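These figures come from a predicted structure and were not determined experimentally.
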Amino acid sequence: MISIEQGLQIVSNRVQAEVGEDFMPAEDISLSRSIGRTLRQQVSADLNSPPFDRSIRDGFALKAEDVRSVPAELDVVGESRAGTSYDGSIGQGQCVEIMTGAEVPAGADAVVMVEYTEKVSERRVRILEGVKAGRSIQPEGTECRKGDLILESGREIQVPEIGVLASVGCARVQVSRRPRVAILSTGDELVAVDQKPGRAQIRNSNSFTLFAQVAAAGGEPELLGIVSDDVEDLGQKVGQALERDIVITSGGVSMGKYDLVEGVLADHGVEIGFDKVAMKPGKPTVFGWRGRTFVFGLPGNPVSTIVSFQLFVRPLIRRLLHARETGDHLLEANLEQDVRCDGVRAACVPASVSFGDGGYRLKTVDWKGSSDLVGLSRANAYVLIPQQEGSLKAGTRVRFIPMAPSLC
Ligand code: AMP
Ligand code: MG
């Protein structure tokens with residue numbers, strides 16, 4: 001049995017050796033569809049931002065020296081509003097009425113908020129508070145300057161990136177093509193989710209958790225359905241699945257009489273990199289490849305499937321996408337209770353993390369083992385328990401993977 005780290009290294013070596021940097025080509029998509037995609041271009045500012053000295057208040061643009069002693073009355077010589085600037089330049093004793101977002105006219109060096117003024121007449125205003133030069137003005141180019149590199153290739157496009165791309169005129173963006181991921185659930189006992197299981201049957205939940213995990217990682221999932229524990233049926237579906245970039249099967253990789261997946265993969269020319277990992281849950285995780293297709297035979301127990309995906313498949317998808325962030329965000333927290341370790345296998349178990357005095361605090365949830373999805377649903381993180389004898393005492397600092405990115 002190999003360790004999780006050794007397993008990850010084997011996957012990584014395979015990417016390096018055979019696939020190279022050109023694996024997932026870039027494609028051009030519309031900006032409005034780009035959320036969650038991985039950027040594949042360097043993005044530079046095409047203009048200064050702000051593009052001119054901008055007022056950040058509604059008020060009057062003036063010369064600060066004119067209001068050194070207040071109250072002071074000034075002539076209102078014009079207006080500058082968002083979208084239409086004041087063309088002239090202001091002189092001594094003059095001001096321009098200005099709105100938020102509008103260009104500060106030449107000759108002005110400060111803006112006094114409208115709240116600190118009184119209208120005297122249509123063309124005259126009384127300023128009640130003095131200001132220093134620069135007040136309420138955001139100078140041109142202070143956010144970024146034309147030509148500045150503002151987004152680098154490999155960045156995941158989230159809401160702020162969409163805003164940046166829009167503001168620099170990228171109506172279309174270059175992103176990584178999503179790796180196509182075929183998902184196959186094996187097991188004679190499986191029925192579709194809309195069916196009532198008969199005796200000794202269960203509903204196929206793995207196809208759905210895997211579909212969601214693939215999509216969340218940035219891949220393009222494709223459900224190939226349920227396959228029976230039958231060499232021919234399995235062989236036919238595996239053959240079809242191997243056309244994709246990644247194949248994920250669930251179930252059929254333990255030591256049982258009907259665990260046929262690894263043999264069928266080998267029959268189809270899949271080279272096996274590993275087939276057992278010293279982890280709990282998820283020990284019988286299989287990784288292999290055929291040509292440029294990566295293959296994962298994940299264990300069938302629903303929580304094992306989810307955890308194995310998280311640890312092995314997700315980083316591969318991120319890597320193929322050329323994402324800068326390929327690993328999980330590992331955070332640290334103090335254990336609230338003692339946790340038993342295992343001398344043979346590291347564990348990745350459901351846990352509940354809360355934020356309290358002194359940072360994150362973590363406790364394992366009431367969880368009945370690798371088939372317990374209900375227990376898993378009480379968790380918001382996976383805690384990583386090292387392979388060692390004995391137990392970790394309450395208060396020990398441990399690493400965890402948050403389930404929802406919002407915790408990062
Ligand atoms: P296996 O790895 O095929 O031995 O399956 C281990 C356990 O996971 C068995 O109890 C299966 O019934 C269950 N299981 C396998 N595949 C699925 C699936 N697609 N959805 C839910 N449970 C599954
Ligand atoms: Mg099975």
A.B. asks: Do E156 and R318 sit within salt-bridge range, that is, some charged N less than 4.0 Å from a carboxylate O?
C.D. replies: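 A salt bridge links E156 with R318.
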A.B. asks: Do I248 and V214 make a side-chain contact, defined as non-hydrogen atoms from C-beta onward lying under 4.5 Å apart?
C.D. replies: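 Yes, close enough: below the 4.5 Å cut-off.
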A.B. asks: So, does R324 use its side chain to make a donor-acceptor pair with the main chain of S153 at under 3.5 Å?
C.D. replies: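 At least one qualifying donor-acceptor pair exists.
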A.B. asks: How close do L224 and A182 get, heavy atom to heavy atom, and via which atoms?
C.D. replies: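 Closest heavy-atom pair between L224 and A182: CD1-CB, 3.9 Å.
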A.B. asks: Is the shortest side-chain N to carboxylate O distance from R37 to E161 below 4.0 Å?
C.D. replies: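 No salt bridge links R37 with E161.
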A.B. asks: Looking at P302 and S371, what are the two nearest heavy atoms and their distance?
C.D. replies: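 What the structure gives for the nearest pair is CD-CA, 4.0 Å.
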A.B. asks: Only one of L335, L362, N334 clears side chain to side chain contact (heavy atoms under 4.5 Å, CB included) with R397; which?
C.D. replies: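 So, applying the side chain to side chain contact (heavy atoms under 4.5 Å, CB included) to R397 and each of L335, L362, N334, only N334 qualifies.
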A.B. asks: Has D53 got a side-chain atom pairing as donor or acceptor with E140's backbone, closer than 3.5 angstrom?
C.D. replies: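 A pair under 3.5 Å: yes.
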A.B. asks: Look at the side chain of R126 and the backbone N and O of E118, then say whether any donor-acceptor pair between them is shorter than 3.5 Å.
C.D. replies: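 A pair under 3.5 Å: no.
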A.B. asks: Per the side chain to side chain contact (heavy atoms under 4.5 Å, CB included) rule, which among D267, T249, V264 passes with L234?
C.D. replies: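 Single pass found, and it is V264.
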A.B. asks: From C341 SG over to Q387 CD, what is the distance, rounded to the nearest 0.5 angstrom?
C.D. replies: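 Atom-to-atom, C341:SG and Q387:CD are 10.0 Å apart.
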A.B. asks: Could you grab the distance from atom NE2 of H322 to atom CZ of R40, nearest 0.5 Å is fine?
C.D. replies: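 If we round to the nearest 0.5 Å, H322:NE2 and R40:CZ are 4.0 Å apart.
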A.B. asks: Could you grab the distance from atom CD1 of I306 to atom CG of L298, nearest 0.5 Å is fine?
C.D. replies: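 It is 11.0 Å, given to the nearest 0.5 Å.
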A.B. asks: Is D194 salt-bridged to K196, cutoff N-O under 4.0 Å?
C.D. replies: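 Result for this pair is no, no salt bridge flagged.
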A.B. asks: Rounded at 0.5 Å granularity, tell me how far CZ in F296 sits from CG in L316.
C.D. replies: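 The distance works out to 5.0 Å.
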A.B. asks: Specify the closest pair of heavy atoms between I90 and G107, including all atoms of both residues, with the distance to one decimal.
C.D. replies: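 Reported closest heavy-atom pair: CG1-C, 3.7 Å.
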A.B. asks: Quick check: are there more than 12 heavy atoms from other residues, nucleotides or ligands sitting under 6.0 Å from CZ of R33?
C.D. replies: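 Result for CZ/R33: open.
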A.B. asks: Say you draw a straight line from CH2 of W367 to CG of L376; how long is it, rounded to the nearest 0.5 Å?
C.D. replies: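 If we round to the nearest 0.5 Å, W367:CH2 and L376:CG are 8.0 Å apart.
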A.B. asks: Can you tell me if R290 uses its side chain to pair, donor with acceptor, with the backbone of H268 under 3.5 Å?
C.D. replies: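 A pair under 3.5 Å: yes.
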A.B. asks: In plain terms, say whether R135 and E129 are close enough for a salt bridge, that is, a side-chain N and a carboxylate O under 4.0 Å apart.
C.D. replies: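 Result for this pair is no, no salt bridge flagged.
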A.B. asks: Hey, is the main chain of V286 close enough, under 3.5 Å, to the side chain of D275 for a donor-acceptor pair?
C.D. replies: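 Answer holds: no.
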A.B. asks: Got more than 12 heavy atoms from elsewhere within 6.0 Å of CG, D87?
C.D. replies: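 Counting neighbours around CG of D87, 12 or fewer heavy atoms of other residues, nucleotides or ligands fall under 6.0 Å, so no.
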A.B. asks: Applying side chain to side chain contact (heavy atoms under 4.5 Å, CB included), run through V175 and T38 and close with a yes or a no.
C.D. replies: CA-CA 5 Å; V175 296; T38 307; 5.8 Å; no
A.B. asks: Spell out, as yes or no, whether a donor-acceptor pair under 3.5 Å connects the side chain of D229 to the backbone of D188.
C.D. replies: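 It does hold such a pair.
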A.B. asks: Give a yes or no answer on whether the side chain of R68 reaches the backbone of G130 with a donor-acceptor pair at less than 3.5 Å.
C.D. replies: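 Looks like no, no N/O pair under 3.5 Å.
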A.B. asks: Would a distance-only check, ignoring hydrogens and angles, find a side-chain to backbone donor-acceptor pair under 3.5 Å from E271 to W289?
C.D. replies: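 No.
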A.B. asks: Quick one: SG on C144 to CD1 on I150, what's the gap to the nearest 0.5 Å?
C.D. replies: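 Output value for this atom pair is 5.0 Å.
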